Amino acid sequence: MIPQETSPILTDISTKDLTDELMRREGISTVSLEPYAVMKITAGSNEREIQGPAIILINQD
């Protein structure tokens, strides 16, 4: 959980910059979807379909 006093600072950072920073970190892997590509993610009984363009971040840290 992010401390409350940190949140306003993060809201000023673009989503692209946050994503780029996370992608550089150890323990993070990515899956990139080209435009119109489709990917299904299934976890237990939950399923989600995502259409590109998209960058999917997997945090295993």
Side-chain angles (χ1 to χ4, degrees):
M1 189 164 156
I2 298 172
Q4 195 171 19
E5 63 273 1
T6 304
S7 295
I9 295 168
L10 292 176
T11 60
D12 294 335
I13 301 171
S14 73
T15 302
K16 181 189 181 319
D17 288 343
L18 289 170
T19 300
D20 289 345
E21 176 60 31
L22 286 170
M23 289 171 68
R24 287 190 285 271
R25 303 239 177 149
E26 190 174 324
I28 302 290
S29 57
T30 63
V31 177
S32 296
L33 291 178
E34 298 297 324
Y36 306 107
V38 176
M39 178 180 208
K40 284 187 181 180
I41 299 174
T42 304
S45 62
N46 296 320
E47 185 174 286
R48 177 136 186 216
E49 186 172 284
I50 298 164
Q51 181 176 343
I55 298 172
I56 300 164
L57 300 174
I58 302 163
N59 183 349
Q60 292 184 297
D61 187 19

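Every value quoted in this text rests on a predicted model; they were computed, and no experiment measured them. Any value given below was found using the heavy atoms of this structure, including those in side chains, with hydrogens, waters and symmetry copies removed.
A salt bridge links K16 with D20: the closest approach of a Lys/Arg side-chain nitrogen to an acidic carboxylate oxygen falls below 4.0 angstrom.
In this structure, D17 CG and L22 CG are separated by 11.0 Å, a value rounded to the nearest 0.5 Å. Expressed to the nearest 0.5 Å, how far CD1 of I56 lies from CD1 of I50 amounts to 4.0 Å. A distance of 6.5 Å separates CG in L10 from CG in L18, rounded to the nearest 0.5 Å. Atom-to-atom distance recorded for I41:CD1 and I58:CD1 is 7.5 Å, nearest 0.5 angstrom.
In this structure, the side chains of M39 and V31 come closer than 4.5 Å at one or more pairs of heavy atoms. Annotation: side chain of L57 is in contact with side chain of M23 (closest heavy-atom distance under 4.5 Å). Contact check for E21 versus I13: no side-chain heavy atoms found under the 4.5 Å cut-off.
Connection of I28 to I55 is established within a shared hydrophobic cluster, with ILVMFWY side chains joined at heavy-atom distances below 4.5 Å, either directly or through further cluster members.
Heavy atoms of other residues, nucleotides or ligands lying less than 6.0 angstrom from CD of E47 number more than 12.
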